[in-house]
Amino acid sequence: MKTQSVTLPIFTSDGQFVAHYSENGLVELDFPSVGRAPSFHCRRRGNESQISPTSSAPARDSSRRLLQTKIRHWHRTTEAALKAVLAGGAVKALPPLDWSGKTEFQKSVWRALRKIRCGQTKSYGEIARAIGRPRAVRAVGGACGANPIPVLIPCHRVLAANGKIGGFSGGLNRKRELLAREGVSL
DNA sequence: CACTCGATCAGCG
DNA sequence: CGCTGATCGAGTG
């Protein structure tokens, strides 16, 4: 089964985010690009996406519509979650996340990140201990940096052990702002 | 394989 | 403070 990826915008007061979905869930969330980000028609990728290679044309069409309906529903959830966090609040629900192709280590780090609640922070070392790899401290930083779903998977809540800011792939200003909105002071 | 590079950290001066 | 060594996952050739 080939994947059909769908790209949808989310307009917020912080700019236009972009969410990417597969048939299995949310794959990626992009920060607003510095320039503008046009072209928001649904985009297909891979060779023609057969949900089932042997299905008849009407059956394919019906599957495709079901998928689109499902994705629209996920997208509403994503949108609500994103706006909640941007407003310094807590996420009520997330759509299913598609982490296929990622390593076990990364997934375990990201699972740990999800447990950090709004307004809380942890250090890279604490995450390392939480996943049972107490010495993989720098590697945890690497996995945070590889987080495909920033903000919703709250890697911005991970600080350096000395209380300093640490890094952020989306830019430290964003990290500071997100934390400030959650009431975290450095 | 054998490298290199980090969003780290604790220890030491 | 700043420097250094230990540590380890991921990426590259």
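Quick note on labels: first sequence line is chain A, next is B, and so on, each numbered from 1.
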(message) In whole Å, I'd like the distance from the CG atom of A:L178 to the P atom of B:dA7.
(response) 18 Å
(request) Write down the distance between CZ (A:R157) and C1' (B:dA7), rounded to a whole number of angstrom. (result) 17 Å
(message) Regarding A:T78 and A:Y21, do their side chains bring together a donor and an acceptor under 3.5 Å, going by distance alone?
(response) yes
(request) Give a yes/no on whether any side-chain N or O of A:S123 is located under 4.0 angstrom from OP1 or OP2 of B:dC9. (result) yes
(request) Tell me the partner of B:dC9, counting only Watson-Crick (N1-N3 plus N6-O4 or O6-N4) or G-U wobble (N1-O2 and O6-N3) with both under 3.5 Å; none if nothing fits. (result) C:dG5
(request) Give a yes/no answer on whether the side chain of A:R138 brings an N or O atom under 4.0 Å of OP1 or OP2 in C:dT7. (result) no
(message) Would you call the rings of A:F31 and A:F17 parallel, tilted or perpendicular, taking 30° and 60° as the class edges?
(response) tilted
(message) Regarding A:K107 and A:E104, does a basic nitrogen lie under 4.0 Å from an acidic carboxylate oxygen?
(response) yes
(request) Could you please name the option among B:dA7, B:dC9, C:dC8 that lies closest to any side-chain atom of A:K175? (result) B:dA7
(request) Calculate the interatomic distance between A:L159 atom CG and B:dA7 atom C1'; express it in whole Å. (result) 11 Å
(request) Using whole Å, report how far CZ of A:R135 lies from P of B:dA10. (result) 14 Å
(request) Determine the sole option in A:K175, A:R174, A:R181 for which the salt bridge (charged side-chain N to carboxylate O under 4.0 Å, His left out) test with A:E177 is passed. (result) A:R181
(request) Measure the distance from CG on A:L113 to C1' on B:dA7 and round it to the nearest whole Å. (result) 11 Å
(request) Report, as yes or no, whether the 6.0 Å neighbourhood of atom CZ on A:R117 holds more than 12 heavy atoms from other residues, nucleotides or ligands. (result) no
(request) Scan A:Y124 against the nucleic acid and name what it touches under 4.0 Å (heavy atoms): base, sugar-phosphate only, or nothing. (result) base
(request) For A:I165 and B:dG6, give me the distance from atom CD1 to atom P, rounded to whole Å. (result) 20 Å
(request) Quickly work out the A:I116 CD1 to B:dA7 P distance and round it to whole Å. (result) 18 Å
(request) Ignoring the backbone of A:V137, work out which of B:dC9, B:dA7, C:dA10 is nearest its side chain. (result) B:dC9
(request) Just compare C:dC8, C:dA10, B:dA7 and give me whichever is closest to any side-chain atom of A:Q106. (result) C:dA10
(request) Calculate the interatomic distance between A:I131 atom CD1 and C:dC8 atom P; express it in whole Å. (result) 12 Å
(message) For a quick check of understanding: with a heavy-atom distance under 4.0 Å over all strands, which category does A:G145 fall into, base, sugar-phosphate or nothing?
(response) base
(request) Kindly point out which of C:dG9, B:dC9, B:dA7 is positioned nearest to the side chain of A:A160? (result) B:dC9
(request) Give the nucleotide from the list C:dA10, B:dA7, C:dC8 with an atom nearest to the side chain of A:T103. (result) C:dA10
